[in-house]
Peer 1: 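Please see the structure below; I have some questions.
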Amino acid sequence: MRGLKLYAIGYLIFLYAPIALLPLFAFNDGTVIAFPLQGFTWKWFAGLATTPALHDAVINSLLIAVTSAILATLLGICAARANARYRFPFKTGILGFIMVPLVLPEIIVGVSLLVVIANIFSMRLSLWTVVLGHTLICMPFAIAILNSAFDNLDASLEEAAVDLGETPWNTFRLVTLPLVMPGIVSSLLISFTISLDEFIIAFFLTGAEPTMPVYIWAQLRFPQSLPIIMALGTILVALSIVLLTVAEIFRRRGLARAGVRDTGGFL
Amino acid sequence: MTGPIIKLDGVHKSYGEVDVLKGIDLDIAEGEFLTLLGPSGCGKTTLLRIIAGFEEVTDGVCLISGRDMAGVPANKRPTNMVFQSYAVFPHLTVAQNVAFGLRRSKLGKAEKAAKVEEALGMVGLGGYGARAAHALSGGQRQRVALARALILEPTVLLLDEPLSALDRKLREQMQSELRRLQRQVGITFILVTHDQEEALIMSDRIAVMFGGRIAQLAPPQELYRRPRTLDVARFIGVMNVLPGEVKEKGPAGIEVRVDGLGRARIEPEQAPSGARIGTGWAGIRPETMSVLFAGEQTDRSVAEGEVAEVTYYGDMTYYDVILDGTDRPLTISMKNLIGREVLERGARTRVSWDARSIVWFGEEAV
Ligand SMILES: Nc1ncnc2c1ncn2[C@@H]1O[C@H](COP(=O)(O)OP(=O)(O)OP(=O)(O)O)[C@@H](O)[C@H]1O
Ligand SMILES: [Mg+2]
């Protein structure tokens, strides 16, 4: 028992200590990333504001993250809906294959996408190719979240709306959508977060315009820009935590609204 | 005289290989309270969903107000449904739920609000309009579902086991309330239930279903007194079933000999029209028989037997009595009147019955 407790504590330290170091050095008044700390400063954060290349990278990343999140969620809605309402041949097999990118090494996904896009379709690498890759890796998460939202929706609610005279489309708009909305928001937020942080696939598929993680990686060669990266990392970690928390809150609210017990989820 | 409001003619329904409905013919009159009664899986819900428009018939026709409903979707039919799960929209308020079907009507805002309040008042939820629907109790949700369906003044209201999720007390209260409401609004109600007592209490007519067929369609009293088949007899209340034999047959009924009960005359309406000379089954209800007490006199038919089991219910006592010369116990129910002793197990007793209450089933398989 005691050993297990020590293991858990050790594990958490190992997991979170490096992340805790980020803000420490982001506010440290010294160019070298080393102890002892030199004193408190905001200048690295100020430095973020005066780096135009970084701004471009952030904008690229935001564009990609928003687009991928929307695409993955839209496709996820279709898949979750089909899964909840229809029976079709090879259903379990198909759903299983959709989930595979969850465990596939990203480098494999990245390389194979690069081969397909660049060599087979001869497309130019751009932000769109990154969107493609990110939509692919966000889909399993989107589908898992949306599946639970759609599964918890009582089919007779939709039938009741039709029975009361509504068309199928209005039924979807007035009943289905509001009831699965928490799941949709949660899926958007998680997909957004995944895309924003993703490096390997972006690295392979981006053209001349780097995404933020790719930009950060490129900057690592210049020691003097490290503290700025630390500042950026601090912001990203804070943002990720906030987004994932909000996503989880929405997912739970959706469950509460549907009146069912929590059956897990990502957090 | 108008025609039936709903007419089902040879309705068949199969899911792949499984035949769920095997030829349903049913005419339902305007303003009638009809109950579909039957054991689980006999196809009650399926039949209701065919009328509502959620399922297509495999064969046969469904007419509502004389109009063929083939190809008419649920949102275009003059029917409304109260679902077993109530299907009250959890993201809306009570008033928004009730007003849901009025969305496309041309009524003004104030008129709609007045109608909603009226409908809520009708089901005893006046003033609940602003409540969130997901915070209601089961009974309240049931009423919201009812108000939501009734506000559209459907030609037919379909109810799929609307009371099965309520506790006993509330269920009994809602049974009489539903009945009162139906008389008040004059809308045709089709109720699905597997509770025979509920069916007897509420209906004008009951259609008893077994295995995708209607076994008997009759008013409650007739169904109870003259069940047509052994299945129906045993599904509605308790029926003692005894082997017997038709001895004579005439225009004024048949003459039978029943194991333990001896010979009896049976009126034509208590027997199938084609009853033939030969063996078959007779039925008699527990309350038409009595356990006689020492010295008690009667002009009814009498036999002797032994009490095999006594079940005391407070107001009633149920005796299982094995008559001499037979081997199956007969259930007899007795009111517990003051001064009437409750017999012990194993006691010898005389039993009397009203021979007019015997029902003949013919040579149906048991
Ligand atoms: N969509 C379907 N696909 C295949 N079989 C079905 C389908 N819907 C119903 N059935 C079958 O049809 C039969 C009758 O179902 P139905 O729901 O009408 O029964 P019921 O009389 O309402 O029973 P209960 O009292 O349990 O509600 C059942 O055996 C059921 O398994
Ligand atoms: Mg049913």
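Excluded from the calculations below are hydrogen atoms, water molecules and symmetry mates; all remaining heavy atoms, backbone and side chain alike, are included. Keep in mind it's a predicted model, so treat the numbers as computed, not measured. Each chain gets a letter, A, B and so on, in the order its sequence line appears, and its residues count up from 1.
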Peer 1: Chain B heavy atoms under 4.5 Å from A:Ala161: which part of the residue, side chain, backbone, both or neither?
Peer 2: both

Peer 1: Answer yes or no: are there more than 12 heavy-atom neighbours, outside B:Arg168 itself, under 6.0 Å from its atom CZ?
Peer 2: no

Peer 1: When rounded to the nearest 0.5 angstrom, what is the spacing between CG in A:Leu174 and NE2 in B:His91?
Peer 2: 7.0 Å

Peer 1: Can you check whether A:Glu166's main-chain N or O pairs, donor with acceptor, with B:Asn75's side chain at less than 3.5 Å?
Peer 2: yes

Peer 1: Check the surroundings of atom CZ in A:Phe88: do more than 12 heavy atoms from other residues, nucleotides or ligands lie under 6.0 Å from it?
Peer 2: yes

Peer 1: Around B:Arg67, counting heavy atoms of other residues, nucleotides and ligands shown, do more than 12 lie under 6.0 Å from its CZ?
Peer 2: no

Peer 1: Please say whether more than 12 non-hydrogen atoms of neighbouring residues, nucleotides or ligands are located less than 6.0 Å from CD in B:Gln173.
Peer 2: yes

Peer 1: Does a side-chain heavy-atom distance below 4.5 Å link A:Val162 with B:Pro73?
Peer 2: no

Peer 1: Could you give the distance from CG (A:Asn170) to CZ (B:Arg103), rounded to the nearest 0.5 Å?
Peer 2: 5.0 Å

Peer 1: Output the option from A:Asp154, A:Val175, A:Thr171 having the highest count of non-hydrogen pairs under 4.5 Å with chain B.
Peer 2: A:Val175

Peer 1: Does A:Glu159 form a side-chain contact (heavy atoms from CB on, under 4.5 Å) with B:Arg49? I'd like the steps, not just the answer.
Peer 2: CA-CA 10 Å; A:Glu159 284 181 344; B:Arg49 290 171 60 81; 2.7 Å; yes

Peer 1: B:Phe89 and A:Leu157: which non-hydrogen atoms are nearest, and at how many Å?
Peer 2: CE2-O, 3.2 Å

Peer 1: Could you tell me which portion of B:Phe100 (side chain, backbone, both or neither) has an atom closer than 4.5 angstrom to a non-hydrogen atom of chain A?
Peer 2: both

Peer 1: Would you mind checking which part of B:Val88 comes under 4.5 Å of any heavy atom in chain A, side chain (CB onward), backbone (N, CA, C, O), both or neither?
Peer 2: backbone

Peer 1: Given heavy-atom pairs under 4.5 angstrom as the criterion, report whether the side chain, backbone, both or neither of A:Asp163 touches chain B.
Peer 2: both

Peer 1: Check A:Ser156 against B:Ser85 and note the closest heavy-atom contact, atom names and distance.
Peer 2: OG-OG, 2.9 Å

